[in-house]
Amino acid sequence: MDDSGNPQDIVVPPVEGVAGGGTAYGWTDGGLQVPSPLKGSIDPTEFPTADLVHVWCMPSTANVGPQEMPRNLESVNLLAGRNEKESIQIAMRPKVSWGGPGNAGVVQVQCSDLCSTSGDRLVVGQSINMRRVVPILGVPDALAPLDLPVSQISLLPGETTAVWVSIDVPSAQPPGQYEGEIIITATKADSEVPAHCLGKAEKHQLYRDLQSCLEMLDPIDGKPVDEVVERVKSATASLRSVLLLPLFSEYLSLNGPVDMMEEDAISSLSVRVKINMTVWDFILPVTPSLPAVFGISDTVIEDRFGVEHGTDEWYEALDQHFKWLLQYKISPYFCRWGDSMRVLTYTCPWPADHPKSDEYFSDPRLAAYALPYSRSVSGGNATKDYMQKQIDILRTKSHWKKAYFYLWDEPLNLEQYESLRSIANEIHAYAPDARVLTTYYCGPSDAPLAPTAFEAFVKVPKFLRPHTQIYCTSEWVLGNREDLVKDIVSEIQPENGEEWWTYVCMGPSDPHPNWHLGMRGTQHRAVMWRVWKEGGTGFLYWGANCYEKANVPSAEIRFRRGLPPGDGVLFYPGQVFSSSSQPVASVRLERILSGLQDIEYLRLYSSRYGREEGLALLEKTGLYLGPERYTHEHMPIDAMRGEIYNACRS
């Protein structure tokens with residue numbers, strides 16, 4: 001995305017199957033129909049923006065598609081703990097056209113800091129971010145970057161455009177009531193966002209002037225009062241001359257400097273969206289309470305970004321993906337599949353004796369890390385020697401408790417199960433306390449463990465013990481029979497260090513919680529509600545970047561054939577949307593983060609009042625009762641969080 005200030009004409013990226021249009025899933029009831037009296041050629045600087053554009057707010061669980069109908073504009077009220085991210089959407093739909101052919105017009109979107117009465121701030125560009133919601137296969141999903149603090153967006157006739165606003169509250173942010181606003185102004189297509197570029201000489205002069213001010217005032221301790229007064233006068237004069245530079249000319253008036261957010265002739269025509277946020281004293285843990293391990297295909301990165309395995313560019317690309325995903329409270333692992341669904345997984349591409357290894361594994365945001373059974377980068381050591389060396393190094397570290405080996409994805413027959421047991425046996429010969437994770441949805445098909453398929457599935461822990469410590473089962477197996485959870489859990493031995501994790505992939509399908517494209521927003525968020533209610537202690541997702549093979553970063557995005565749209569894809573290459581190489585999140589990934597944060601709220605409440613009370617709260621608020629009985633509306637989410645806030649705040 002260039003910084004020229006021109007309207008950001010983000011078009012739908014090249015995606016297989018896109019035919020334009022789209023639908024708003026679950027949020028199309030109601031609407032606001034306001035006929036416009038404006039006719040003929042329109043100068044947007046002469047009319048209130050409210051006469052030209054519908055503006056309204058929607059929750060983060062709404063799928064705001066191009067056909068979403070207008071609603072009344074209301075102020076936004078948010079609640080957030082510290083180390084928590086909350087998001088809303090600002091929707092805009094033109095009432096009339098004031099732009100050129102095929103373009104309804106351009107709006108300028110400006111975001112202010114959120115300020116508390118005590119002077120604390122949540123700063124735009126640091127804690128506050130804006131992104132444009134872009135349809136994928138006609139469904140709102142990708143969050144393309146926008147310039148901050150001011151951006152220009154082109155609106156299309158008869159279509160709704162949404163801006164995703166995220167507020168990320170730092171752990172050290174003082175609690176309190178914060179207020180700010182988003183200002184939306186219809187503008188001419190040829191107008192530009194003010195941009196001032198200083199030459200080297202001007203920058204140097206500005207630097208010297210500011211440095212001079214500091215030298216006048218520091219140090220002043222112990223100086224005579226008269227001298228301090230003179231220094232302050234000199235510093236004031238220097239600062240006044242700095243403010244008179246052309247760089248700041250747009251903020252000057254006949255009466256002197258004015259705040260850029262104050263009313264002027266144009267902003268008085270703007271639509272102002274008021275944002276009120278309550279930041280409370282709850283600090284969400286830096287290390288997520290629930291390990292959520294998500295796969296990143298290293299072969300997809302190699303192909304699309306043209307990096308050769310093991311090169312500096314390869315390490316750099318993997319490092320970027322790892323660090324980027326940590327912000328979503330996800331513990332990433334890189335992966336590639338072998339024959340018969342054998343899988344090589346590793347969280348850190350560097351060996352255990354490399355400084356990067358400790359940097360990765362000691363990061364408090366990482367809840368769990370995968371270790372490879374063989375080298376992730378080819379080398380001279382034999383596989384067993386390499387593995388033993390890695391284990392010997394890592395077992396001495398305090399973070400060893402985070403480690404696990406993920407060796408096989410969904411073994412199906414006795415041969416695959418026996419191969420898994422054999423590899424696990426070798427690992428445990430070197431490290432008896434090593435954890436092996438196995439995903440499965442059935443027992444061996446050619447050696448039934450019980451008379452029925454479900455009974456055989458339940459008996460897998462007995463068959464794999466002691467070669468697996470983390471039994472990771474598909475939510476698809478349960479269907480809508482949540483009562484079957486007790487049968488699975490009864491076979492797990494937590495007293496011997498065993499855990500029960502779950503996963504979703506192709507299944508379960510609608511209406512059960514999953515992350516497929518086109519599902520309701522609450523359906524995406526409910527995946528984590530289900531995990532907490534069922535009592536799982538971890539979660540796995542097979543792939544976050546597993547789109548079809550491409551050899552250019554900006555190439556057409558294709559979902560893999562045979563999979564539900566969106567399955568295995570939670571973010572997109574940044575180059576598809578702009579010149580930035582930063583990955584572009586999906587709204588589904590943002591909702592996963594929200595679900596993980598909901599778990600921290602429920603854990604806090606249960607730690608004070610007991611797990612049974614926490615389960616009762618899910619039912620009382622109507623948030624989640626089962627895989628086919630959860631809220632389709634956003635209000636119960638706010639009710640649940642509000643109840644916990646009132647019950648647990650200091």
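Everything quoted here is computed from the prediction, not taken from an experiment.
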As a quick check of understanding, evaluate salt bridge (charged side-chain N to carboxylate O under 4.0 Å, His left out) for Asp598 and Arg525, giving each step before the final call.
CA-CA 9 Å; Asp598 291 338; Arg525 193 158 171 170; 2.7 Å; yes
Check: [Y] and [X] side chains under 4.5 Å, non-hydrogen atoms:
| X | Y | result |
| --- | --- | --- |
| Pro66 | Pro135 | yes |
| Leu290 | Met528 | yes |
| Met130 | Val109 | yes |

Do NZ/NE/NH1/NH2 and the carboxylate oxygens of [X] and [Y] come within less than 4.0 Å?
| X | Y | answer |
| --- | --- | --- |
| Asp141 | Arg588 | yes |
| Glu643 | Lys620 | yes |
| Glu84 | Arg641 | yes |
| Asp363 | Lys323 | no |
| Glu68 | Arg71 | yes |

Which word best sums up how the rings of Phe282 and Trp280 line up, parallel for under 30°, tilted for 30 to 60°, or perpendicular for over 60°?
tilted
Can you tell me how the ring of His321 sits relative to the ring of Phe571, calling it parallel under 30°, perpendicular over 60° and tilted otherwise?
tilted
Strictly by modelled atom types, are [X] and [Y] linked by a side-chain donor-acceptor pair under 3.5 Å?
| X | Y | value |
| --- | --- | --- |
| Tyr572 | Asn545 | no |
| Arg93 | His54 | no |
| Ser581 | Gln575 | no |
| Ser118 | Ser116 | yes |
| His634 | Thr61 | yes |
| Gln177 | Thr278 | yes |
| Ser606 | Arg611 | no |

Euclidean distance, [Y] [atom2] relative to [X] [atom1], rounded to 0.5 Å:
| X | Y | atom1 | atom2 | result |
| --- | --- | --- | --- | --- |
| Leu366 | Ser331 | CG | OG | 4.5 Å |
| Ile167 | Ser127 | CD1 | OG | 9.0 Å |
| Cys111 | Ile183 | SG | CD1 | 9.0 Å |
| Leu269 | Glu46 | CG | CD | 9.5 Å |

Residues Tyr328, Glu590; criterion side chain to side chain donor-acceptor pair (under 3.5 Å); working and verdict
CA-CA 8 Å; Tyr328 289 95; Glu590 293 288 342; 2.8 Å; yes
Show your working on side chain to side chain donor-acceptor pair (under 3.5 Å) between Arg132 and Ser151 and close with a plain yes or no.
CA-CA 10 Å; Arg132 181 169 180 171; Ser151 193; over 6 Å; no
Distance-only, no hydrogens or angles: does the [X] side chain make a donor-acceptor pair with backbone N or O of [Y] under 3.5 Å?
| X | Y | value |
| --- | --- | --- |
| Ser586 | Leu570 | yes |
| Lys329 | Arg365 | no |
| Thr49 | Val271 | no |
| Asn129 | Ser166 | no |
| Arg82 | Val169 | no |

Does Phe294 have any ring-ring contact (aromatic ring centres under 6.0 Å, His included) partners at least two apart in sequence or in another chain, and if so, which?
Trp515, Tyr541
As a test of understanding, state which of Leu114, Asn77, Leu79, Val76 forms a side-chain contact (heavy atoms from CB on, under 4.5 Å) with Met277.
Leu114
I need the single residue from Ile637, Leu625, Leu618 that forms a side-chain contact (heavy atoms from CB on, under 4.5 Å) with Trp529. Which is it?
Ile637
So Thr185 and Ser270, side chain to side chain donor-acceptor pair (under 3.5 Å) or not? Walk me through it.
CA-CA 5 Å; Thr185 310; Ser270 304; 2.5 Å; yes
Over all heavy atoms of both residues, which pair between [X] and [Y] is shortest? Give the atoms and the distance, please.
| X | Y | result |
| --- | --- | --- |
| Asn103 | Ser154 | OD1-CB, 3.8 Å |
| Ala639 | Thr621 | C-CG2, 4.1 Å |
| Tyr605 | Ala647 | CE1-CB, 3.9 Å |
| Val584 | Ala144 | CG1-N, 4.1 Å |

Apply side chain to side chain donor-acceptor pair (under 3.5 Å) to Tyr178 and Asp113, showing your working.
CA-CA 9 Å; Tyr178 290 77; Asp113 296 346; over 6 Å; no
Residues pairing under ring-ring contact (aromatic ring centres under 6.0 Å, His included) where one sits in residues 126-145, two or more places apart or in two chains, turn out to be none
